[in-house]
Amino acid sequence: MAGLALFLLACLAIPSHAQAQPLRLDAGLDILERSFNGRLKAYHDKSGLLTREQVASPSHQQQFKTVEGVFNGGYARGAWWVRFQIQASPEQIAHPLEGGWWLRLNAPYADYIDVWWPDGADGASGGFTHRALGGMRAASARELPWSIPAVRLPDLPDTEPRWVWVRLAGDRSLTLAGGVSPLREQAVVQQELDYVDAAVAGMVLLMAVVSLMMGIALPDRRFIAYAGYLLTLALVFGSSEGLPASLWLQDHPLAAVRLHNFAVCLHSAAAFGFARVLLDMERQFPRMNRVFQVMTLVCLAACALAMAGWYGRIARPLNLMWVVFAACIVPMCAIALRRNIQAWPGLVGYAIYLLMGVAHFAKNLQWLPYTLATQSSYAIGSILHIMAFFFALGWRVRHRERRALALSRRHRARLARRVNERTRDLRLEIAQHHRTHDQLALALREQRGLLAMVSHEFRTPLGTIGGAAQILSDDRLGLAREEVKKEAEKISRTVFRMRDLVDTLLADEWLQASSNNLCLVPVELAGFLREKIEEHNEGVGGGRISLDLDARELPVLADETLMHIAMDNLLTNAIKYSPPHSPVVVRAGIRRCRSDGLSDDDDTVPGVCIQVCDEGPGFLLQDLTHVFERFYRAAGVRRIPGIGLGLHMVHRIATVHGGSVVASNASGQGAVLTLTLPLLGSFEPPEARGGSPAAIPAYGGLR
């Protein structure tokens with residue numbers, strides 16, 4: 001607003017002339033010195049019916065006032081009369097110009113221009129020559145069919161000033177600029193004006209096409225609205241400078257004038273519509289959006305009135321609407337800038353264009369004087385503002401691209417997280433499937449082991465019982481008492497063997513059920529091992545089991561019943577698979593232990609280690625990973641009675657006590673089974689270590 005105030009002050013500061021000086025036909029003067037500025041006298045004929053003779057009467061001549069600067073009649077009813085003097089220089093009289101002098105009447109919005117100058121060389125006849133020009137007159141009837149009306153002046157015989165009369169009338173803004181020029185200068189002025197008009201219109205049309213293509217390609221309605229706005233602006237430029245009338249509507253002046261009026265109304269509607277889209281008024285300014293919708297509809301209705309020839313009735317309200325538009329749009333741009341920094345190019349564009357537009361329309365409304373600055377304000381503002389708006393739209397596209405890129409990066413990161421999560425879930429599912437597969441494979445192996453055990457361990461005793469029973473029931477044999485007793489003892493031994501097998505199976509099931517209900521008590525393993533070894537030596541051991549202790553006391557926290565089962569299985573296993581009368585050594589002591597055996601690492605805890613060593617065949621390498629599986633028996637020892645549950649039970653008992661059992665081979669010959677239990681005070685149940693006794697895999701035994 002401060003810039004507008006300075007601009008208005010500069011316009012008002014133009015010097016005025018109290019007396020109108022005549023125009024000199026002197027080729028030595030420049031074009032500005034031969035212009036109308038300060039040399040015109042004007043009179044407003046409100047009725048529009050006065051003739052030249054009437055306004056030339058003394059009563060009317062006294063009402064003519066000197067025009068300061070360029071004449072600007074604005075939107076006025078009736079007609080304006082303008083008069084000025086021309087005066088030939090001595091050089092012109094001595095050497096007349098080839099092609100003569102031409103009167104240049106630049107009144108682009110005047111519908112009717114009538115020019116009179118004295119008839120005859122000396123002007124003594126009292127007659128006047130008349131020329132009819134203006135937008136409502138056919139351009140083909142002019143002396144020069146150019147967009148700037150021009151008439152050739154007669155050669156003056158002396159240096160006496162002579163009056164020239166000009167009448168201006170029409171529904172559009174009435175202005176008059178120009179002067180006198182030689183024909184060559186007149187052609188240069190017209191050529192420069194055509195170049196400027198063509199350049200501006202071409203640039204506007206090119207940007208309109210580019211905006212339309214971008215709007216379709218993106219798609220973005222802002223570019224499409226901007227393309228429509230630029231097309232109407234190009235139409236206003238061309239029709240304002242009389243291009244249609246001078247090019248293809250030379251014989252249809254009424255159509256050319258109404259085309260210009262229609263272009264002004266249509267451009268106003270496009271400007272209001274584009275402002276609504278650019279500032280997103282529907283979302284940011286809903287109330288002003290309705291106001292601008294009404295203004296757009298009013299301008300569209302004005303288009304129909306302009307084509308009907310009623311532009312003179314709507315011209316002044318249309319200009320006032322532009323002033324209101326300027327008063328509203330710049331503050332709205334400032335508000336939008338506070339909400340979004342990306343709106344600053346639009347603010348700059350509207351500020352430039354609307355300040356210049358206000359100056360232009362204020363000139364049309366006679367609020368500002370008609371000067372070169374106010375006359376060029378519309379064109380200058382249009383060029384600057386279309387560049388600012390195009391930059392604003394490009395900035396918006398760039399911002400949208402950056403936002404889309406950031407959104408794409410966020411989506412990519414989210415997708416990567418989802419892929420990682422899904423991959424982790426799939427890996428967990430695959431691991432679960434693998435565990436399930438391993439469990440199924442283990443169950444199948446146990447099933448096959450059970451079937452093999454049942455087919456071997458149960459069919460053999462049953463066969464023995466069946467054979468003995470058949471012998472006893474055969475009367476033809478005539479068995480003696482001793483023979484009957486022998487067969488009965490065989491049946492008894494077989495029944496005992498089957499009972500042991502069944503007891504072992506029941507013991508495994510009982511162990512699996514009782515794993516969750518341990519009865520832990522302090523047990524001193526040194527004395528416990530002595531009693532257990534003595535018990536076995538008196539039985540099947542035959543005194544060949546020896547005990548080697550590294551400590552006097554071996555305290556542990558254990559279930560005593562389960563410890564009996566574990567040691568019975570270890571000792572029975574060693575006696576069963578070692579050669580007859582070969583020694584079985586039991587070593588026990590305190591070591592630094594892990595869950596998988598002995599270790600000297602600093603992160604281990606003290607534990608009680610029990611080793612049972614025999615001189616049997618030992619373990620094959622392929623059997624070491626399966627020795628603790630349920631019902632598993634190596635191929636080389638299946639001739640020895642057993643169901644493959646002994647070592648499995650030892651493994652389960654060690655696990656529920658927080659210990660371990662490991663199978664290995666001695667350096668010489670024989671098997672070594674190492675049972676490790678936590679020392680009293682360092683016991684940590686499986687639940688505290690993240691395990692669950694019920695979840696322990698069901699392993700079996702080798703022997």
Side-chain angles (χ1 to χ4, degrees), residues 511 518-578 581-616 628 646-647 649-668 670-686 688-689:
L511 175 62
L518 296 178
C519 182
L520 300 176
V521 294
V523 178
E524 206 288 301
L525 283 184
F528 176 83
L529 291 176
R530 292 189 187 94
E531 294 177 1
K532 185 58 63 177
I533 291 174
E534 182 178 355
E535 176 184 339
H536 279 267
N537 280 333
E538 293 177 355
V540 295
R544 56 189 177 123
I545 305 175
S546 62
L547 177 62
D548 184 6
L549 294 176
D550 290 345
R552 296 180 57 184
E553 295 182 353
L554 302 173
V556 297
L557 190 64
D559 188 310
E560 193 169 358
T561 302
L562 296 183
M563 291 305 300
H564 278 285
I565 295 174
M567 290 309 302
D568 286 340
N569 279 282
L570 287 175
L571 295 175
T572 302
N573 189 78
I575 294 171
K576 183 190 300 184
Y577 294 98
S578 61
H581 309 294
S582 62
V584 175
V585 180
V586 178
R587 299 187 181 92
I590 298 177
R591 301 286 189 275
R592 306 250 352 147
C593 304
R594 296 185 309 189
S595 60
D596 56 350
L598 299 177
S599 175
D600 294 330
D601 296 340
D602 295 335
D603 59 348
T604 57
V605 295
V608 176
C609 177
I610 303 172
Q611 285 186 339
V612 179
C613 308
D614 61 47
E615 295 182 358
F628 298 109
L647 293 184
M649 296 172 67
V650 174
H651 182 274
R652 287 193 61 83
I653 293 171
T655 303
V656 298
H657 281 82
S660 65
V661 61
V662 178
S664 60
N665 291 317
S667 57
V672 179
L673 290 169
T674 305
L675 173 62
T676 304
L677 297 173
L679 192 64
L680 182 63
S682 62
F683 173 74
E684 183 180 3
R689 291 181 283 110

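The closest donor-acceptor contact from the side chain of Ser582 to the backbone of Ser578 lies at 3.5 Å or more, if one exists at all. With His657 contributing its side chain and Ile653 its backbone, the two residues share a donor-acceptor pair below 3.5 Å. Asn537 contributes a side-chain N or O that, together with a main-chain N or O of Ile545, makes up a donor-acceptor pair within less than 3.5 Å. At distances below 3.5 Å, not a single donor-acceptor pair connects side-chain atoms of Asp559 with backbone N or O atoms of Leu520. Within the 3.5 Å criterion, the main-chain N or O of Ile565 finds a donor-acceptor partner in the side chain of Asn569.
Once rounded to the nearest 0.5 Å, the distance linking CZ of Arg587 with OG1 of Thr674 reads 10.0 Å. Rounding to the nearest 0.5 angstrom, the gap separating the CZ atom in Phe528 from the CE atom in Met567 is 7.0 Å. Between Ile575 atom CD1 and Leu570 atom CG the span is 11.0 Å, to the nearest 0.5 Å.
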Does the pair Ser546 and Val584 meet the rule for a side-chain contact (heavy atoms from CB on, under 4.5 Å), with working shown? CA-CA 6 Å; Ser546 62; Val584 175; over 6 Å; no
Determine, step by step, whether Thr676 and Val608 satisfy the side-chain contact (heavy atoms from CB on, under 4.5 Å) criterion, reporting the C-alpha distance in whole Å, the side-chain angles of both residues, the deciding distance to 0.1 Å, and the verdict. CA-CA 6 Å; Thr676 304; Val608 176; over 6 Å; no
Kindly indicate, with the supporting measurements, whether the criterion side-chain contact (heavy atoms from CB on, under 4.5 Å) is fulfilled by Asn573 and Val612. CA-CA 10 Å; Asn573 189 78; Val612 179; over 6 Å; no
Audit row: Val662, Leu673, side-chain contact (heavy atoms from CB on, under 4.5 Å) steps and yes/no: CA-CA 6 Å; Val662 178; Leu673 290 169; over 6 Å; no
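Summarising the local packing, CD of Glu553 is surrounded by 12 or fewer heavy atoms from other residues, nucleotides or ligands at distances under 6.0 Å. Surrounding CZ of Arg544 are more than 12 heavy atoms belonging to other residues, nucleotides or ligands, all under 6.0 Å away.
The heavy-atom pair separating Val650 from Val661 by the smallest distance is CG1-CG2, 4.0 Å. Among all heavy-atom pairs drawn from Asp614 and Ala574, the shortest one is OD2-CA, 3.6 Å. The shortest heavy-atom contact between Gly658 and Pro678 is O-CG, 3.6 Å. In terms of heavy-atom proximity, Leu675 sits nearest to Ala654 at CD1-CB, 3.5 Å.
With sequence neighbours left out, the side-chain contact (heavy atoms from CB on, under 4.5 Å) criterion links Asp550 to Asp548, Arg591. Contacts of Glu535 classified as salt bridge (Lys or Arg N to Asp or Glu O under 4.0 Å), with partners at least two apart in sequence or in another chain: Lys532. In this view, Pro583 and Glu615 satisfy the side-chain contact (heavy atoms from CB on, under 4.5 Å) rule, not counting sequence neighbours.
Checking each of Leu529, Asp568, Val556, Leu525 against Met563 for a side chain to side chain contact (heavy atoms under 4.5 Å, CB included) leaves exactly one that passes, namely Leu525.
Counting heavy atoms from C-beta on, the side chains of Ile610 and Val586 come closer than 4.5 Å.
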